[in-house]
A.B. asks: 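Sharing a structure with you now.
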Amino acid sequence: MENQTSLFDGPNPTDEQPTVSGQVKNILFAAQDSFYKVMIVEVADLNFDYDDTEITVTGSFGDIQIGASYEFKGRLTTHARYGTQFAAQNYQRQAASTTSGLVAYLSGDQFPGVGKSTATKIVDELGIEAVDLILEDPAVLTQTGISTKLQEVIVNQLQQSDGMERAIIALNDYGFGSALATAIYQKYQQQTLQILKTNPYQMVIDIDGVSFARIDRLAAQQGIDALDARRIQAGVIAAINQATFESGDTYMQVEALLQATQQILERAQNARVDVALIKRALLTLTSDGVVIADGQNLYVKALFEAEREIAQKLVRLTQRKAGEYARKDVVKYLSEVEEENPFPYDDVQREAMIAALTSNLFILTGGPGTGKTTIINGVVATLKKLLQAEGMKWDEIETSIRLAAPTGRAAKRLSESTGMPASTIHRLLGINGREDLDEIDIEELSGRLLVIDEMSMVDTQLFDLLLRGIPGGMQVILVGDKDQLPSVGPGRVFYDLLASGLLNYRELETIHRQGKGSTIIALASAIRAGQLPEDFTVRQPDRSFFPAQTTQVPRLIEQIATSWKEKGNSVADMQILAPMYKTPAGVHNLNAVAQEIFNPMTPKKREFNIKLGDLAFSFRVGDKVMQTANDPEHNVFNGDIGYITSIMLAKDKANEDNTDNITVAFDTGEVAYTRQNWNQLTLAYATTIHKAQGAEYKLVIMPLVNAFSRMLQRNLLYTGLTRASESLVLIGDVSAYQRAAVTEGVNRQTTLQERLQQAEAGQLPETPDDHASVVALNQQPLAVDPTPTLVDEENTLDDSPAINEIVRAVADTEDDILTIAQITAETIDPNIGMVDLTPYDFMSAENML
Ligand SMILES: Nc1ncnc2c1ncn2[C@@H]1O[C@H](COP(=O)(O)OP(=O)(O)OP(=O)(O)O)[C@@H](O)[C@H]1O
């Protein structure tokens, strides 16, 4: 088994682990999308101080039976609202410990047809471990001589109840967290243990997010050969998944895939893998339909199907009889809405709104301040009038307009700017993003209109799922800014939809935002057109540029941030955005700099020192932090920003929980993190530009230096500076900005446009099954392209499970736990702003360098 010892695991390993056993009286809560449960257990035995007869037990559990007895290992915790609970890390059904108990169990009601004599035969033959043996290998029952029918009854029942528990326990033991364990079990059900033990590589093929390296270690321990065909096939899948994720392409060329697979396989175990073996593996995968070969392009099935389905659905949507409302009604109600609006619409806006309301599918793109929100509001208000005229009741009207965006932050902004409820796309569809895409069942949405904002962030697979939920009669409006960074996941859907030229869209170009912000927007427009404006380095009321070399950046930022703070502004309204994590001008170092300004150490403050490889930093009470993974159980998601409100040490008197923990206040509530989960938090004074997509800040400070070389691309610069709503401070080399402005982002390889054209012509190909290119490959010698694949630092760093080394923190000896009520109050104060401030106010130019 994998060695799971990590310094995260905290307390002294020689301590006996807190254990409680007893009968489950009730299940208070069972999460729908994972195994998380909260239940009441009647205490029969325990090894820690606790004097009630019942205890609340929480954790990931399979099919818990009320009334059955279990043993739980874990720790006692104190929940702010629910009091003392036992957080189980592991559990076990208390099996019968005597042969007579086991005979009684096997001849019980749950095994129909199995009488005492059959049960006795089984126990005599297989012993007290009978249940384990049967679950590991059902064939052992044949040696008991009982009928095949009864064998089936026993195996099915055991697999159903104990099988699930054992599977989850085993998955936990192998180090799979709750989310992956859930996904794995949902896929294999009763077969989970068997797959884990006999062919763990299958998991790499079937389950998103299972790491090849982890499975490879597991398989090697089980003695699976490095040249085993299953290993090579899993390597192919790992390579194609990794490459599509890193490049954003939706497919890969044959030669590149062969080479990447070889690298992955040879790096993971020190054994040479011949390309011929990889070719053979690829042939099997394409024959089985796991990989789709379309000419020289190889796709994982889900991405191939997603592009195909998107094209088909969109073309069907546009070919459907045009929207239900007559143009003259639309024009009439829109004029009423316009009269109620504080300003008249411009012609393009008016025309876009009419087109949106009279089409089944409408796409709107435009930069900041061009009126996208104005159009959404106008369309929604006009639609309300149209529906009212149809006789629809008010509450029905409200619920028939659905607004959504790809991230929680973008949904929140959409809701604020429209005054209507908006949700994430995942929530709209009722999914958590961990489902098996082959089996996921999306329910059709109800309503007349669906508006999706920040479309540029939607990837191929999410868009496919979204379209599956859109019923025939629903109008769809997709809104975004095509010049922003594309989605993190594979594809560049929004770009492709626009570039196909086949779908109904309007581009807004006139900038309407006046006064403050105007020169930021003008700068954004120039950069969008591939130029740095001549006045780039000239100080403007709302933006400035300070030349600096990489090593000078931290000092400059220190001064700007200090000045911002001294003027009484909130840290929540300020964001430092850098393209990369490393270098003195990168996210890691700038976080350290900003932390010293916004949250310096004081004798009364607590901190935990963290060390991750070369990176050392600390979490302090009051720190601005970001959640870096989705955690639906606690309602916090990747990119959510919060503030540390308390730091508790295991030894604190006030800490009834016996472990170190950090509590963070998010907009949605407080979340406590024990050491195992600290890797989900980072300091967030500075973040990458990718992580800031969909957010807006009053002040953005952005360093761009030549050291960021290959990240210097137009859409990155554009996305970063358009996050600033009132003030923008740019720092670095003019030449770096120049280079970013003229460098078009790497072109993602996708086939969505081609599929749209094929769908439009009624010639969308069926999923190819001849995989001729791969067949041919196995017959010819192959020239492998020696160019290594570029690794995108952004993805690599964010996805890196590098956290295996964390040095136990030492805090000061203060017993008081400090809270930061003041800071959280400040972050939600909408009045703290930038009235009459310019970036120049934050500093005096003389002492900048
Ligand atoms: N035709 C117009 N005449 C005058 N002002 C307008 C017009 N259209 C929009 N505005 C104003 O311009 C500003 C920007 O518009 P809006 O918020 O709709 O743009 P946006 O594209 O959604 O911007 P962002 O993406 O930055 O949120 C708003 O203050 C809006 O009231």
Side-chain angles (χ1 to χ4, degrees), residues 334-357 362-382 403-420 422 451-458 477-485 494 498 505-528 542-543 573 575 577 689 692-700 702 715 717-728 830 833-835:
L334 179 60
S335 320
E336 284 181 26
V337 168
E338 188 168 359
E339 264 167 43
E340 291 156 19
N341 198 50
F343 51 85
Y345 303 131
D346 72 23
D347 289 347
V348 181
Q349 289 175 333
R350 200 175 300 114
E351 211 268 315
M353 283 186 256
I354 295 170
L357 282 156
F362 182 75
I363 305 176
L364 183 68
T365 178
T370 52
K372 297 184 296 298
T373 310
T374 303
I375 288 187
I376 296 175
N377 284 332
V379 165
V380 166
T382 309
L403 308 182
T407 66
R409 269 186 304 176
K412 196 168 153 214
R413 276 184 60 208
L414 178 61
S415 171
E416 280 163 5
S417 60
T418 56
M420 305 232 332
V451 179
I452 301 294
D453 197 9
E454 297 285 358
M455 248 313 280
S456 57
M457 294 173 76
V458 177
I477 302 181
L478 307 174
V479 183
D481 181 349
K482 68 172 171 43
D483 296 303
Q484 283 196 32
L485 287 167
F494 196 52
L498 292 162
Y505 81 91
R506 297 289 182 286
E507 179 161 7
L508 301 175
E509 283 174 335
T510 313
I511 295 158
H512 287 285
R513 189 172 287 142
Q514 297 300 318
K516 282 184 188 301
S518 61
T519 91
I520 298 173
I521 290 177
L523 175 65
S525 297
I527 283 167
R528 208 161 49 134
D542 59 352
R543 72 172 160 89
D573 288 334
Q575 193 60 42
L577 298 179
I689 297 170
Q693 280 187 86
E696 210 177 75
Y697 303 92
K698 286 184 176 163
L699 169 67
V700 165
M702 185 160 64
N715 53 9
L717 170 59
Y718 176 83
T719 304
L721 62 91
T722 53
R723 301 308 92 212
S725 62
E726 296 186 5
S727 269
L728 176 67
M834 299 243 347
V835 181

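On a predicted model such as this, the values are computed, not experimentally measured, just so you know. Positions are given from 1, in the same order as the sequence printed here. Order of appearance sets the numbers: ligands from 1, and atoms from 1 within every ligand.
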A.B. asks: Hey, what do you get for CE (Met455) to CD1 (Ile477), rounding to the nearest 0.5 Å?
C.D. replies: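 It comes to 13.0 Å.
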A.B. asks: Check if Gly367 has a non-hydrogen atom at a distance under 4.0 Å from any atom of ligand 1.
C.D. replies: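 A heavy atom of Gly367 does come that close to ligand 1.
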A.B. asks: In Å, rounded to the nearest 0.5 Å, how long is the span from CZ of Phe494 to CD of Glu454?
C.D. replies: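 Interatomic distance, Phe494 CZ to Glu454 CD, rounded to 0.5 Å: 10.0 Å.
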A.B. asks: Give yes or no for whether the N/O distance cutoff of 3.5 Å, strictly under, is met between Phe343 and ligand 1.
C.D. replies: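 Between Phe343 and ligand 1 (N or O atoms, distance only) the closest approach is not under 3.5 Å.
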A.B. asks: Can you measure from OG1 (Thr510) to CG (Asp347) and round to the nearest 0.5 angstrom?
C.D. replies: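 Rounded to the nearest 0.5 Å, the OG1-CG separation comes to 9.5 Å.
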A.B. asks: Decide whether the shortest distance between a heavy atom of Gly366 and an atom of ligand 1 is less than 4.0 Å.
C.D. replies: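 So Gly366 does not count as touching ligand 1.
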A.B. asks: Look only at interatomic distance and state if Thr373 has a nitrogen or oxygen under 3.5 Å from any nitrogen or oxygen of ligand 1.
C.D. replies: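 Yes, there is a polar N/O contact under 3.5 Å.
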A.B. asks: What are the atoms of ligand 1, with element, lying closer than 4.0 Å to any heavy atom of Thr370?
C.D. replies: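 Once the distances to Thr370 are compared, the set is 19 (O), 21 (O).
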A.B. asks: Within a radius of less than 6.0 Å around OH of Tyr345, do more than 12 heavy atoms belonging to other residues, nucleotides or ligands occur?
C.D. replies: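 For Tyr345, atom OH is crowded (more than 12 foreign heavy atoms under 6.0 Å).
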A.B. asks: Which ligand 1 atoms, with their elements, are less than 4.0 angstrom from a heavy-atom of Gly371?
C.D. replies: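 In order of numbering, the contacting atoms are 15 (O), 16 (P), 18 (O), 19 (O), 20 (P), 21 (O).
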A.B. asks: For ligand 1, which atoms have a heavy atom of Asp346 less than 4.0 angstrom away?
C.D. replies: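 Counting from 1, the qualifying ligand atoms are 1 (N).
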A.B. asks: Can you tell me how far CD of Glu507 sits from OG1 of Thr365, rounded to the nearest 0.5 angstrom?
C.D. replies: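 It is 5.5 Å, given to the nearest 0.5 Å.
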A.B. asks: Report yes or no: does Asp573 contribute a side-chain atom to a donor-acceptor pair with the main-chain N or O of Lys698 at less than 3.5 Å?
C.D. replies: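 It does not hold such a pair.
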A.B. asks: What is the minimum heavy-atom distance between Ala411 and Ala422, and which atoms define it?
C.D. replies: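 Of all heavy-atom pairs spanning Ala411 and Ala422, the closest is O-CB, 3.5 Å.
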A.B. asks: Taking 4.0 Å as the limit for heavy-atom contacts, which would you say applies to Pro344 with ligand 1: side chain only, backbone only, both, or neither?
C.D. replies: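 Answer for Pro344: backbone.
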A.B. asks: So if I count the atoms of ligand 1 from 1 in the order they appear, which ones are less than 4.0 Å from some heavy atom of Lys372?
C.D. replies: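 Heavy-atom distances to Lys372 below 4.0 Å select 18 (O), 19 (O), 20 (P), 21 (O), 22 (O), 25 (O).
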